[in-house]
Structure formats: structure tokens, C-alpha cells
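Naming convention: chains lettered A, B, ... in sequence-line order (proteins, then strands); numbering from 1 in each chain.
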2 protein chains.
Amino acid sequence: MVSQTEENYLKALFHLTCESEHKIEAGTNELAVYLEVKPATVNDMLKKLKEKKFVSYEKYGKITLTKKGKSIAVEIVRKHRLWETFLYETMNFTWDEVHEVAEQLEHIKSQKLVEQLEKFLGFPEIDPHGDPIPNAEGEIKKIVRKSLFEISIGAVCKLVSVKDGSVAFLQYVGKLGMGLNCKIKVISRQEFDGSMEIEVNSQRFTVSQKFANNLFVV
Amino acid sequence: MVSQTEENYLKALFHLTCESEHKIEAGTNELAVYLEVKPATVNDMLKKLKEKKFVSYEKYGKITLTKKGKSIAVEIVRKHRLWETFLYETMNFTWDEVHEVAEQLEHIKSQKLVEQLEKFLGFPEIDPHGDPIPNAEGEIKKIVRKSLFEISIGAVCKLVSVKDGSVAFLQYVGKLGMGLNCKIKVISRQEFDGSMEIEVNSQRFTVSQKFANNLFVV
DNA sequence: TTAAAAAGTTAGATAAACCTAACAAATATA
DNA sequence: TATATTTGTTAGGTTTATCTAACTTTTTAA
Ligand SMILES: [Mn+2]
Ligand SMILES: [Mn+2]
Ligand SMILES: [Mn+2]
Ligand SMILES: [Mn+2]
């Protein structure tokens, strides 16, 4: 049996390693920050996860998921994103509301429910934030994408996903009239602080570098 | 905050008292049997529930839900039955499969989700077992019904709900070709052990008194 | 190359939900 | 009514997931 807490640790490790480019391992403190617990707590849990062969790590070393650990993590991510899609498509939730409830729903144990849910939703490939939904075999479609900040002046691109999933950020994006698949034209960029002027739906906004870094486009 | 465990205790008390006729209070051992824990465990929890004003009880006395405790319990029962309906109607679950998963789903905390789910399902009034679904105000439609055992010979009645919700019982009922709203004709009854001969879909079966007591009809 | 900073670990504590074993009160029955 | 049975309580213990405070190892940088 895998506890809810263990599932959350494995999912966090997946996000911090497998899912991020340029990084294949994580540290104790890093995980602690991510999960909002103290390093000592992570350390205890790591011993248990190692015992269960879900992670490989040695004292003072770095942490990576084993094949077994990764497959559990992917299943949780799959459930999380399917539930987010369900909440968004079927239950009239907005894209900033889905995450919190999906955090609970992802721990529901029922193989059949996940399969039926996926079927009911028509085998969606991305969730409401543009993130890929792993299939029943745990395979994840790789999405080629750049951050909005990397787009050159004058170019027009399409929003395909968001990096930050916080309620504040998502509501901000929505308030600017932006959503997945919306067209964004880059008007200008400030050398000084990296802020950019963009045009969306014939409206112009100035956004920070931090903001632009959190939007993925093609 | 009400923990998942506390919710289960309140729901159990609701089933054992408010929802059952002829009984308005419960005892420690009774609750322990129902929840499959030891009496000592119930005793500890009772102190906490009393502290939180969810139950009223004195040492060596009987337990009843307070208004506050009952309203939490009804909300859990509401969620349980809405989820069972969802699993049955939308996710292609059979009536013997829904309960186990609904036991998990009933603890999901999201007012909006419950309301949207109810709306999506078309404000159902009964769950897949024929039990009434409380509305958003916590009101429960009283269903007038008798057990099949009380029906007189020769009479025809309609199955409206099942008492026992165990997988074995529900599968047995289903295997006999019976389901909610099916017509049952009482052919004969044995004085000796109370077993009955019944006719369903032009087929005759002999069923035990225990079996007949677990079917509610009108 | 060594001292300071950062990262990671350990020991010991707490709270929730459970247990066993022993005990006490209430109820049933001889 | 006295005793046996049932019902309920208490004390003390376990496990899981968390914490703080002190300590150790590794890394960075003067
Ligand atoms: Mn999410
Ligand atoms: Mn998402
Ligand atoms: Mn049920
Ligand atoms: Mn039911």
C-alpha cells in the first residue's frame, strides 16, 4: 500500500526531476520547500521510500525515482490531470479552481474509475493548463514549446501551456483575456528589466519578464 | 476542520440513529462493531466529538448527534449518494461496485463540486440502491416502503430499495435478474423458516427470510 | 586551503487514530 | 437480591507524519 503522503512525495519528485529539463535529481531541502514541510520530515520519509524501493538515494546524496517510484508518480499525475479536465470540461470549474480539488481527487483508488473517466472525456491529451496527460501505459507526449520571453519582436505565437499554476497567476492571465490557444504578438521588449509589450485580441499590455517566463508558446 | 475519520464516525451515528426507525441513540460497542474498530477507540473519539459539540453524551450514557453533528453527517451522506449515482449513471459502474469508491469520494471537500455534480446528474432523488439523496438544505424525502417479507401471498409489488448494501447481496439480487423497479409476485411462504417463493420476470425462485427482509418494496 | 555557508541528518517530541489488557458500571438473570 | 454477563472506560502502547534544535557533512568562496 502506498499512503496519500507517499504519493505526494513521489509526485513532487517527478515534477522536480523527470518532468523538468536540465535536472535529473533532487535534494532534501529542495523537496522540503516544494512540499512545504521541514527537511527533517523529508529525511524520515526518504528512508521509508528507499526501503520500499521507490527512490534511490544514499546518505548525503541526491534523490532519484526508481522505475517503480516513477510509475506510481506518473499514475498520480495522470489522475490529477484527468480530474482537472473533468472539473473544467464537465463541472464548469475555471482553470484557476481545478488544481486544489484535483489535489484531493488524484488519491482516489479505483482503476476502473480512471479508465471510465478518461473514456468519458474522450481521451484528452492535455489538461486545462496545457500539460500533457499520461496515457494508461504511463507514456507522456512531449510538447515542444518555448517561453513567451524567448519569442522575438514582431513574431506572433500561440499560448499552449502555463508553467506556474497558482491561482493568482492564472486569474491574472485570464483577466488579460488570455487563455490556451490564444494568439500573442510581441510588440517590444525593454532591455532594462526584460518587460515586454504584447498584443492579445487587439489589446496591448505590458507584462514583466517573470510573467512572460511562465507562459509557454509555439 | 473535520477530519475524514470524524466524518466517518458522524455518518455511522447518522445511519445508526437518525436514519433507522425505532432507534434514536447508539452505544459505544454498537458503533465499534459498525466501524470495525475497538470500543476503546470509539471512546477516545467520542470525547473529541463531544468536545467539538458534534455529539451529546455522558460517561456510560447513550450517544446522539447534535444539530451540528447531524448536519455534517447529512452532507456526507448526500455526497456519498450523489457520487454513487455518478458512478452508476455516468461511469458505467454496477450497483455493487459503487459503494467502495463512494466511500472515498464522499470526503472530497468542494462545495462547488457537489453542487455541479448534482446539477449534472439532474438533481436525482435516489441513489442506485434506492436510498434518498438529501438536498442542499439537508432535507431528505421520506420513502414509504415495506420489506418484501411483509407482503402477502399473491400480491405483486415493486422493488424500490435494498437494505443491505454488501457486494455479495447486491450481486445475488442482480443474478436473479432483479433490480430497482422490478416487479415481484409473492407465490408462497414456508411457515418453517420463513423462506418465500417469488416470481420475477416469469421466473420463480425460492429465497430466504433474511434475503426478503433486505429488499424494500411498495 | 581553510573558514563560512548551505545542505543534510539525528535525536527527541507531539498529535491523530488506532490497539490490548485491565478495570468499572450497568443490566440481566438465577 | 446477589451474581453473572454485557457494556463502557482507563491506562499505557504503537504507527504515521509532522515538528524543533542540535549536529555533521559537503560545497562555496575568501
Ligand atoms: Mn494541477
Ligand atoms: Mn494542470
Ligand atoms: Mn453506499
Ligand atoms: Mn447507496
Have a look at B/Thr41 and say if it touches a base, only the backbone sugar-phosphate, or nothing, with a 4.0 Å heavy-atom cut-off.
->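 It contacts base atoms.
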
Got a sec, which residues hit side-chain contact (heavy atoms from CB on, under 4.5 Å) with [X], two or more places apart in sequence or on another chain?
| X | value |
| --- | --- |
| A/Glu115 | A/Gln111 |
| B/Cys157 | B/Leu148, B/Ile151, B/Ile184, B/Val217 |
| A/Lys62 | A/Glu25 |

Distance-only donor-acceptor check, side chains A/Thr64 and A/Ser56, under 3.5 Å =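 Checked: A/Thr64/A/Ser56 side chains pair up, N/O donor to acceptor below 3.5 Å.
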
Does anything in residues 98-130 of chain B pair up under ring pair (Phe, Tyr, Trp, His ring centres under 6.0 Å), and if so which pairs, sequence neighbours excluded?
->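 For residues 98-130 of chain B, and leaving out neighbouring residues, the ring pair (Phe, Tyr, Trp, His ring centres under 6.0 Å) pairs sorted by first residue read B/His80-B/His99.
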
Gap between atoms [atom1] and [atom2], on [X] and [N] respectively (whole Å):
| X | N | atom1 | atom2 | answer |
| --- | --- | --- | --- | --- |
| B/Leu31 | D/dT9 | CG | C1' | 15 Å |
| A/Leu35 | D/dC19 | CG | P | 10 Å |
| A/Glu6 | D/dT18 | CD | C1' | 14 Å |

Which letters describe nucleotides 5-12 of chain C, given B = protein heavy atom under 4.0 Å from base, S = only from sugar-phosphate, - = neither?
-> --BBBB--

Is the phosphate of D/dT16, meaning OP1 or OP2, less than 4.0 Å from a side-chain N or O of A/Tyr9?
->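 Checking D/dT16 against A/Tyr9, no side-chain N or O comes under 4.0 Å of OP1 or OP2.
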
List the atom pairs, with distances to 0.1 Å, where a side-chain N or O of residues 29-40 of chain B and a protein N or O form a donor-acceptor pair under 3.5 Å, not counting sequence neighbours.
{"unit_1": "B/Glu30", "atom_1": "OE1", "unit_2": "B/Gly27", "atom_2": "N", "d": "3.0"}
{"unit_1": "B/Glu30", "atom_1": "OE2", "unit_2": "B/Lys23", "atom_2": "NZ", "d": "2.7"}

